[in-house]
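Reviewing the structure listed below.
Source: prediction; values computed, not measured. Naming convention: chains lettered A, B, ... in sequence-line order (proteins, then strands); numbering from 1 in each chain.
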Number of protein chains: 2
Amino acid sequence: METPTLYAYYRSSCSWRVRTTLNWKRIDYETIPISLIKDEQKTPEYSSLNPLQVVPTLKIDGVSLTQSIAILEYLEETRPEKPLLPRDPIKRALVRSLVQAIASDTQPVTNLRVVKYAGEERRDEWLNYWMTYAFQRIEVQLATTAGDYCVGNEVTLADVCLVPQVYNANRVNVDMSKFPTIQRINNKCLELDAFKKAHPHRQIDCPDELKEN
Amino acid sequence: METPTLYAYYRSSCSWRVRTTLNWKRIDYETIPISLIKDEQKTPEYSSLNPLQVVPTLKIDGVSLTQSIAILEYLEETRPEKPLLPRDPIKRALVRSLVQAIASDTQPVTNLRVVKYAGEERRDEWLNYWMTYAFQRIEVQLATTAGDYCVGNEVTLADVCLVPQVYNANRVNVDMSKFPTIQRINNKCLELDAFKKAHPHRQIDCPDELKEN
């Protein structure tokens with residue numbers, strides 16, 4: 001079987017979600033960096049792989065898959081070892097609710113193209129406002145679902161989505177002391193190899209001044 | 001078994017997604033309107049059902065489920081008759097990619113609270129810009145997946161998500177003639193009872209001047 005190829009940007013939280021999941025499931029993969037700063041997601045070559053012109057794209061099993069959450073569900077369905085969804089349908093719904101609270105209600109409002117269009121002068125205020133808004137609600141939801149991780153004591157797709165969002169929040173100085181549950185879960189996840197290896201600062205396209213090993 | 005209760009707002013596209021799916025799967029339900037205009041999603045009573053303070057919430061099987069996409073997946077898992085996801089994992093991924101292209105990349109950027117924060121004076125331009133942007137990319141993606149519907153010739157969750165987004169686009173005069181595939185699929189879906197009955201103008205909280213029967 002061919003090694004899967006991930007087209008990703010080091011700082012893209014959607015790319016980080018897929019990296020963590022591939023690592024967690026011990027799926028070897030190669031990375032091809034797509035620079036969002038240089039608008040490489042809009043080249044004809046990349047657009048033919050990903051008509052939506054976003055990162056990531058995962059080439060796997062002979063196809064190009066797009067949209068991080070669709071990719072996570074695909075990996076879960078085709079590589080069920082080391083599951084990232086519980087078996088119980090109600091618990092699965094709790095996990096997916098948190099996934100969407102981040103992937104739909106938080107990240108898209110704070111991505112690069114939306115911030116640009118909202119006005120560069122509003123950048124930090126805009127990002128801080130929306131991430132704080134989202135974390136306030138997610139913190140309340142976690143009070144009813146969290147154990148060691150977002151839902152109970154096993155790592156799930158909710159944790160996979162939460163960690164990159166916390167990284168983004170820290171970048172714009174969101175006051176994380178208001179969100180003790182989110183912080184605790186984030187720190188616990190970052191002790192795990194799958195999350196650590198997926199960290200933006202350990203990617204090949206990370207600028208030298210941020211790079212860690 | 002108790003009749004499921006849907007807490008919804010007639011014009012919320014996320015509510016419409018759940019209504020269509022319940023109708024499609026022939027699940028009887030009751031509606032409790034939550035007015036987003038009156039901020040009823042923030043009352044303590046509703047917040048206790050839905051800590052994220054968004055619509056919809058579905059009370060079903062003894063629990064309150066939140067986030068429309070998590071609800072659709074739950075209904076698909078627990079009520080597999082009249083499926084809205086194909087069996088093949090790759091086709092499921094194609095459906096879910098379109099679902100997320102709408103549910104993550106389009107709708108959240110254009111919802112009420114984001115538009116308010118972007119500035120009321122930018123309302124129409126903001127909405128038109130983002131929906132046009134998204135439909136341009138989705139139209140290209142559909143060229144590779146569509147048959148009668150978004151993915152092949154069966155109705156899927158992608159169609160369930162597309163139709164409410166087209167309604168929103170029409171409200172702000174997006175030039176839909178640029179998106180012939182989206183228009184064709186939208187019209188075909190709106191011939192189906194499950195979509196028609198779920199239409200905002202047929203909901204109990206729809207104002208009289210818009211109401212249809």
Side-chain angles (χ1 to χ4, degrees), chain A residues 14 47-48 50-54 58 60-63 65-78 85 89-90 92-109 111 113-114 117-119 122 126 129-130 133-134 136-145, chain B residues 14 47-48 50-54 58 60-63 65-78 85 89-90 92-109 111 113-114 117-119 122 126 129-130 133-134 136-145:
Chain A
C14 305
S47 300
S48 72
N50 187 322
L52 302 170
Q53 300 184 334
V54 289
L58 183 66
I60 191 168
D61 303 335
V63 286
L65 301 182
T66 61
Q67 288 286 341
S68 62
I69 304 306
I71 295 171
L72 305 192
E73 294 274 2
Y74 178 81
L75 293 172
E76 189 66 13
E77 287 181 350
T78 58
L85 282 173
I90 290 173
R92 290 162 81 85
L94 294 177
V95 170
R96 286 186 174 122
S97 171
L98 287 162
V99 164
Q100 294 297 328
I102 297 163
S104 289
D105 285 356
T106 314
Q107 190 279 329
V109 184
N111 82 11
R113 63 177 181 272
V114 176
Y117 197 67
R122 294 186 67 179
W126 178 275
Y129 177 85
W130 286 112
Y133 180 94
Q136 276 166 349
R137 307 317 319 157
I138 290 169
E139 181 78 13
V140 179
Q141 178 129 328
L142 286 173
T144 69
T145 63
Chain B
C14 305
S47 301
S48 71
N50 187 324
L52 302 171
Q53 300 184 333
V54 288
L58 183 67
I60 190 167
D61 302 335
V63 285
L65 302 182
T66 60
Q67 288 286 341
S68 62
I69 304 306
I71 295 170
L72 305 192
E73 294 273 2
Y74 177 83
L75 293 172
E76 188 65 14
E77 287 180 350
T78 58
L85 280 173
I90 289 173
R92 291 163 80 86
L94 294 177
V95 170
R96 288 188 175 120
S97 172
L98 286 162
V99 164
Q100 294 297 328
I102 297 163
S104 290
D105 285 357
T106 314
Q107 191 279 329
V109 184
N111 82 9
R113 63 177 181 273
V114 176
Y117 197 68
R122 294 186 67 179
W126 178 275
Y129 178 85
W130 286 113
Y133 180 94
Q136 277 166 346
R137 306 318 317 158
I138 290 169
E139 181 78 14
V140 178
Q141 178 130 326
L142 285 173
T144 68
T145 62

To check you understand the geometry: which heavy-atom pair defines the closest contact between Ala103(B) and Ser104(A), and what is its length? O-OG, 3.2 Å

Where do Tyr74(A) and Ala93(B) come nearest, in terms of heavy atoms and distance? CD1-CB, 4.1 Å

Which portion of Leu52(B) sits near chain A, non-hydrogen atoms under 4.5 angstrom: both

For Val95(B), is it the side chain, the backbone, both, or neither that has a heavy atom closer than 4.5 Å to a heavy atom of chain A? neither

Where on Val63(B) is there a heavy atom nearer than 4.5 Å to chain A: the side chain, the backbone, both, or neither? side chain

Taking every non-hydrogen pair under 4.5 Å, which of Gln53(B), Gln67(B), Glu73(B) racks up the most with chain A? Gln67(B)

Take the angle between the ring planes of Trp126(A) and Tyr117(B) and call it parallel below 30°, perpendicular above 60°, tilted in between. tilted

Sort Val54(A) into side chain, backbone, both or neither according to what part of it lies under 4.5 angstrom from a heavy atom of chain B. side chain

Please flag which part of Leu94(B) lies under 4.5 Å from any non-hydrogen atom of chain A: side chain, backbone, both or neither. neither

Most chain B-contacting option - heavy-atom pairs closer than 4.5 Å, from Val140(A), Asp105(A), Ile60(A): Asp105(A)

Between the side chains of Gln141(B) and Asn50(A), does any donor sit under 3.5 Å from an acceptor? no

Does Arg113(A) count as lying over the ring of Tyr133(B), i.e. NZ or CZ under 6.0 Å from the six-ring centre, within 45 degrees of the axis? no

Without swapping roles, check the side chain of Thr66(B) against the backbone of Ser97(A) for a donor-acceptor pair under 3.5 Å. no

Only pairs of heavy atoms separated by less than 4.5 Å count here; which of Glu139(A), Gln107(A), Gln136(A), Arg122(A) has the most with chain B? Arg122(A)

Might you point out which heavy atoms bring Gln100(A) and Ala70(B) nearest each other, and give the distance in Å? CG-N, 4.5 Å

For Arg92(B), check salt bridge (Lys or Arg N to Asp or Glu O under 4.0 Å) against everything at least two apart and list the hits. Glu77(A)

Starting at CD1 of Ile90(A), measure out to CG of Leu65(B) and round the result to the nearest 0.5 Å. 7.0 Å

Give me the atom names and distance for the closest heavy-atom approach of Val109(B) to Pro108(A). CG2-O, 3.9 Å

